[in-house]
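Following: one structure in structure tokens, then a few remarks.
Computation of the quantities below employed the complete heavy-atom set of this structure, encompassing side-chain atoms and omitting hydrogens, waters and symmetry-equivalent molecules. Throughout, a chain's letter reflects where its sequence line sits, starting with A, and its residues are numbered from 1. Quick caveat, the model's predicted, so the values are computed rather than measured.
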Protein chains: 2
Amino acid sequence: MKRLSGRPAKQPTVPRRKRMSGEERKAQIVRVATDLFAREGFKGATTREIAGKAGISEAVIYKHFSRKEDLYKAIIDSRCSNPGGEPRLLSMLKGKEGREVFVIIASFLLEEHRRDSSFLRLLMYSALERQSLSELFINTRGLEFLGFLESHIQSLIKTGEMRKVDPGLAARAFIGMVEHYSIAQELYGAKRFFSRPERKVVEAFVDIFLNGMRRR
Amino acid sequence: MKRLSGRPAKQPTVPRRKRMSGEERKAQIVRVATDLFAREGFKGATTREIAGKAGISEAVIYKHFSRKEDLYKAIIDSRCSNPGGEPRLLSMLKGKEGREVFVIIASFLLEEHRRDSSFLRLLMYSALERQSLSELFINTRGLEFLGFLESHIQSLIKTGEMRKVDPGLAARAFIGMVEHYSIAQELYGAKRFFSRPERKVVEAFVDIFLNGMRRR
DNA sequence: CCTAAGTAAGTGAGTGCTTACTATACTCCG
DNA sequence: CGGAGTATAGTAAGCACTCACTTACTTAGG
């Protein structure tokens with residue numbers, strides 16, 4: 001016989017779980033979900049799996065986020081205003097000049113992506129599945145950083161250390177070499193067929209770029 | 001009253017559709033599905049949607065492909081042994097030398113991806129969702145082409161027209177600039193914030209690269 | 001040339017399972 | 001007590017995939 005709705009009286013014999021404050025729980029859900037969305041994409045990651053990994057029931061997720069989409073947005077937001085990202089790089093660059101600036105940038109990007117590819121995966125998934133959200137990424141993490149590099153190059157052109165090249169394109173050329181290599185190695189699995197020590201890669205790319213930008 | 005199974009007698013009043021031979025139909029399914037898988041990914045594209053766009057019932061798909069996965073593999077295969085891809089580029093390069101080789105390669109890639117981003121999307125989706133399949137892409141389309149460029153650069157180094165740089169890294173640097181720019185513009189939506197005429201982009205990238213590889 | 005048997009192509013209505021999301025009741029703690 | 005937090009047990013819709021059956025086309029025999 002079926003109940004119309006509601007619950008039958010239940011016996012609370014199951015071992016009870018730890019309670020958490022709302023914000024703790026929310027942060028934990030975001031953490032777990034970030035990992036899953038990065039691995040499986042928005043459509044591939046299920047609320048059930050997220051709840052399972054967090055050790056709670058699906059209903060708890062919906063106490064904190066009214067729709068799956070909202071949880072996804074929260075993740076993108078948290079990744080955009082992240083402590084671990086570009087700010088750290090920019091501080092590493094303080095006081096550095098010449099060739100070293102480019103070496104630091106290239107090493108940073110290669111290392112960061114090798115260490116944790118989830119940011120890269122989230123970015124790519126959001127570009128493919130949810131184009132509008134990927135623009136958030138672009139705006140907050142991409143453009144700020146590209147803008148820095150662009151104006152750095154611009155000033156090197158002004159002092160005559162580099163020849164006159166559209167600084168926007170030059171910056172994109174440099175980032176492109178590094179990022180594309182990183183993506184190919186980590187995500188496309190290209191490292192199965194081609195591999196060089198990270199130091200050599202950085203040296204080669206920085207060489208080609210700086211030499212390419214030198215006045216003749 | 002319900003039948004135990006089987007169909008109720010049906011009246012064939014609906015306008016009948018064209019019949020197709022098996023191979024025609026199979027090719028059509030692959031064509032329609034390519035488009036959908038490229039837009040939505042493996043998980044995002046549904047068999048129902050594919051059938052709908054092809055104007056057939058889902059069951060027909062399963063006459064030709066025993067699982068959805070098989071259809072996906074067929075698409076990857078067909079895209080790998082494609083007439084429209086690298087062979088065309090390689091023939092365009094016949095007899096060309098010097099700077100022009102690099103201009104042609106860069107223009108080709110930028111134009112190809114702008115015209116039809118579905119190959120790029122399939123590649124990226126397969127890297128994220130189905131890593132093993134993306135290696136098929138890499139092997140057939142990527143490595144062959146990279147290998148060509150690599151050995152071209154190698155020979156330029158031998159004749160002394162370029163300085164000594166790991167040719168594998170040099171080739172990846174050049175392709176990286178171009179591909180990453182293309183991906184950023186077309187897939188990340190970066191063209192909303194930054195745009196240059198294609199000719200200028202090609203010129204700048206080729207300049208930086210060739211100048212960067214010149215003997216000092 | 002006509003017709004009927006044989007078969008490839010196609011269909012509509014499922015199956016069983018999974019999904020995002022919800023309604024309701026219980027419990028712990030301030 | 002009251003409300004935040006959690007659990008149980010849903011629901012309706014959507015998914016890949018199947019089945020029993022029909023229809024269109026081909027072809028062999030008179």
Side-chain angles (χ1 to χ4, degrees), chain A residues 1-29 32-33 36-37 40-74 129-130, chain B residues 1-29 32-33 36-37 40-74 129-130:
Chain A
M1 197 187 307
K2 280 237 177 111
R3 305 277 304 273
L4 294 172
S5 75
R7 308 281 110 319
K10 65 133 188 233
Q11 54 276 51
T13 49
V14 269
R16 316 251 83 225
R17 262 171 234 148
K18 269 272 157 169
R19 237 157 213 261
M20 263 187 199
S21 82
E23 287 308 306
E24 272 178 318
R25 185 62 87 196
K26 199 163 174 174
Q28 187 216 9
I29 293 170
V32 168
L36 270 167
F37 280 131
E40 318 261 8
F42 181 78
K43 280 177 186 139
T46 67
T47 50
R48 185 186 304 218
E49 213 179 345
I50 294 166
K53 282 224 165 193
I56 51 173
S57 67
E58 286 180 76
V60 177
I61 294 173
Y62 286 93
K63 290 275 170 185
H64 295 285
F65 304 94
S66 61
R67 295 177 311 129
K68 188 189 176 187
E69 180 87 32
D70 290 353
L71 172 54
Y72 193 69
K73 277 183 194 151
E129 296 183 301
R130 292 261 180 307
Chain B
M1 200 186 307
K2 276 237 178 111
R3 305 274 303 270
L4 296 172
S5 76
R7 307 279 113 316
K10 69 147 190 219
Q11 53 276 51
T13 48
V14 269
R16 314 257 85 222
R17 262 172 234 146
K18 267 274 154 172
R19 235 152 216 262
M20 264 188 200
S21 83
E23 287 309 306
E24 271 178 318
R25 183 62 86 196
K26 199 163 173 173
Q28 187 217 9
I29 292 170
V32 168
L36 271 166
F37 281 130
E40 319 261 8
F42 181 78
K43 280 176 186 140
T46 67
T47 51
R48 186 186 303 218
E49 211 180 346
I50 294 167
K53 281 222 167 194
I56 53 174
S57 66
E58 284 180 80
V60 177
I61 293 174
Y62 287 91
K63 293 267 156 145
H64 294 285
F65 305 94
S66 61
R67 296 179 308 134
K68 187 189 177 188
E69 180 87 33
D70 290 352
L71 171 55
Y72 193 68
K73 278 182 192 151
E129 296 184 301
R130 292 253 172 321

If I compare all heavy atoms of [X] with all of [Y], which pair ends up nearest, and what's the gap?
X: A:A51; Y: A:S57; answer: CB-C, 3.7 Å
X: B:L71; Y: B:I50; answer: CD2-CD1, 4.1 Å
X: B:Q28; Y: B:A54; answer: NE2-O, 3.1 Å
X: B:I29; Y: B:F65; answer: CG2-CE1, 4.0 Å

Rounded distance (Å) that lies between atom [atom2] of [N] and atom [atom1] of [X]:
X: B:E40; N: D:dA16; atom1: CD; atom2: P; result: 11 Å
X: B:K26; N: C:dG10; atom1: NZ; atom2: C1'; result: 17 Å
X: A:Y72; N: C:dC21; atom1: OH; atom2: P; result: 15 Å

Stacked cation flag A:K43 on B:F42, 6.0 angstrom / 45 deg: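 Negative - A:K43 is either too far from the ring of B:F42 or too far off its axis.
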Separation between [atom1] of [X] and [atom2] of [Y], rounded to the nearest 0.5 Å:
X: B:E58; Y: B:K63; atom1: CD; atom2: NZ; value: 14.0 Å
X: A:I56; Y: A:H64; atom1: CD1; atom2: NE2; value: 7.0 Å
X: B:K73; Y: B:K68; atom1: NZ; atom2: NZ; value: 13.5 Å

Quick one: is D:dT6 close enough that its OP1 or OP2 comes under 4.0 Å of any side-chain N or O from A:S57?
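For A:S57, the contact criterion (side-chain N or O under 4.0 Å from OP1 or OP2 of D:dT6) is not met.
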What residues from residues 58-71 of chain B pass a heavy-atom cutoff of under 4.0 Å to DNA chain D?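 DNA chain D contact set from residues 58-71 of chain B: B:E58, B:A59, B:Y62, B:R67, B:K68.
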Quiz item: For DNA chain C, what residues of residues 43-54 of chain A have any heavy atom nearer than 4.0 Å?
Solution: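 DNA chain C contact set from residues 43-54 of chain A: A:A45, A:T46, A:T47, A:R48.
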